[in-house]
Amino acid sequence: MKRLYGLLAMGLILGLTSGASAHIGEQVYLLFELPEADLADIDLRDASIADWEDVVGDAQLVTTDFFQDPTVGDGAQYDPADLDYRIWLAWNGNAGTIWMGMERIDNIYINEYAGGDLGSLWRQDAIEFMLDGDHTGGDYTGSADENWTDEEKDLNNNRTAQQYVAIGDTPDGRHVGYLGKGTEWVNALPYADGGGGSTGDGPTTTIIEFFVTPFDDLIWNSPDDSVASPLFDGKIIGFQISAQDMDEGPSDYRAFHTLSGQAATWRFAERFVDGRLVGAGGDGTAVEEDSWGRIKASLK
């Protein structure tokens with residue numbers, strides 16, 4: 001059994017498994033299942049990643065996995081003394097949610113968020129998370145057709161893929177929000193929730209934890225007609241992560257890191273990367289372990 005999962009992990013990490021059609025690049029990233037028994041162990045409000053390390057294991061992504069965009073702000077390249085981070089990714093099929101945990105260490109932490117406007121979180125030292133649950137790509141911000149009316153633009157904005165932003169510290173207890181209309185319900189339970197906090201000053205360690213829902217068809221003014229993406233073992237989704245570093249003040253970029261290395265991912269979902277959902281049973285094979293974290297531990 002250990003050999004089976006060792007080969008499975010190697011194949012997925014190298015992007016060699018069949019059925020993977022990349023958005024950008026040949027890398028297929030892994031998102032591990034959080035079974036119901038493990039969901040209770042992930043505390044979104046404890047401002048700690050110890051539970052992620054215990055349940056999921058090692059972080060799937062670190063700063064060196066990202067591209068530093070030379071065209072944004074100062075275009076600063078990777079310097080662990082300036083900004084460093086680790087990211088965990090997971091999913092739960094019953095709830096249809098994608099989960100993220102992040103530990104972020106920043107020499108100058110900029111967060112002047114006053115609350116009440118989750119759509120403005122991108123101006124702070126936060127994290128952007130974009131999802132294309134049905135892997136169809138395309139222009140998802142409502143700008144695909146210049147002849148659309150304002151009503152049509154509202155309807156199509158974030159309809160087939162979604163952009164979320166999350167932050168560690170907030171005065172109102174709301175930590176994650178999506179950049180489209182319908183925020184009253186898209187940002188609320190059972191579709192999204194988050195937490196976090198920070199410690200220290202120069203450097204500051206910030207913890208960001210949240211879950212969000214990918215939608216194949218998000219109708220901003222009709223949650224009943226909206227269609228969430230089904231999540232299951234072996235499914236390939238598109239996703240993108242962007243980490244920004246503000247050193248002088250809100251919206252004043254020192255660095256902007258992206259997982260795909262592509263511009264305008266806020267608009268074009270085909271510029272996301274590929275992620276494979278890995279079940280707790282390991283690609284559909286039943287095992288005694290009830291979490292991928294325990295499977296990985298058995299491989300050591």
*Taking side chain as C-beta onward, heavy atoms only, is P230 less than 4.5 Å from D134?*
no

_Checking side-chain polar atoms at under 3.5 Å, does Q244 have a donor or acceptor matched by the opposite partner on D125?_
no

*Quick one: ring-ring contact (aromatic ring centres under 6.0 Å, His included) pairs with a partner in residues 107-126, sequence neighbours left out?*
none

_Is it the case that the side chains of S222 and D224 hold a donor-acceptor pair, with the cut-off being a distance below 3.5 Å and no angle test?_
no

_For F66, is there any backbone N or O sitting under 3.5 Å from a side-chain donor or acceptor partner on Q68?_
yes

*Charged N to carboxylate O under 4.0 angstrom, K153 versus E146?*
no

*asked:* Just checking H135 against F272, ring centres under 6.0 Å apart?
replied: no

_Would the distance check show the side chain of D69 and the main-chain N or O of A263 forming a donor-acceptor pair, the cut-off being under 3.5 Å?_
no

*asked:* Under the side-chain hydrogen bond (donor to acceptor under 3.5 Å, both in side chains) definition, can you give me all pairs with a residue in residues 193-203, not counting sequence neighbours?
replied: R45-D193, D169-S198

*According to the interplanar angle, ranging from 0 to 90°, do the rings of W88 and W52 count as parallel (below 30°), tilted (30 to 60°) or perpendicular (above 60°)?*
tilted

*Y253: what forms a ring pair (Phe, Tyr, Trp, His ring centres under 6.0 Å) with it, not counting sequence neighbours?*
F256

*Taking C-beta and beyond as the side chain, do L61 and I241 meet within less than 4.5 Å on heavy atoms?*
yes

*Report yes or no: does Q77 contribute a side-chain atom to a donor-acceptor pair with the main-chain N or O of G75 at less than 3.5 Å?*
yes

*Would a 4.5 Å heavy-atom cut-off, applied to side chains only, mark Q163 and E128 as touching?*
yes

*What residues, two or more places apart in sequence or in another chain, satisfy salt bridge (charged side-chain N to carboxylate O under 4.0 Å, His left out) together with D217?*
R159

*Of all residues at least two apart in sequence or in a different chain, which pass the salt bridge (charged side-chain N to carboxylate O under 4.0 Å, His left out) check with D84?*
none

*Can you find a side-chain donor-acceptor pair between E36 and N92 that sits under 3.5 Å?*
yes

*What distance do E209 atom CD and S48 atom OG have between them, rounded to the nearest 0.5 Å?*
7.0 Å

_Side chains of N111 and I167, heavy atoms from C-beta outward: is any pair under 4.5 Å?_
yes

*Would D106 and T204 count as having a side-chain donor-acceptor pair, cut-off 3.5 Å?*
no

*Pairs involving residues 175-192, ordered by first then second residue, that meet side-chain hydrogen bond (donor to acceptor under 3.5 Å, both in side chains) (sequence neighbours left out)*: none

*Below 4.5 Å, heavy atoms only, C-beta onward: do L34 and I42 meet side chain to side chain?*
yes

*Y78 side chain to H257 side chain, donor-acceptor N/O pair below 3.5 angstrom*: no

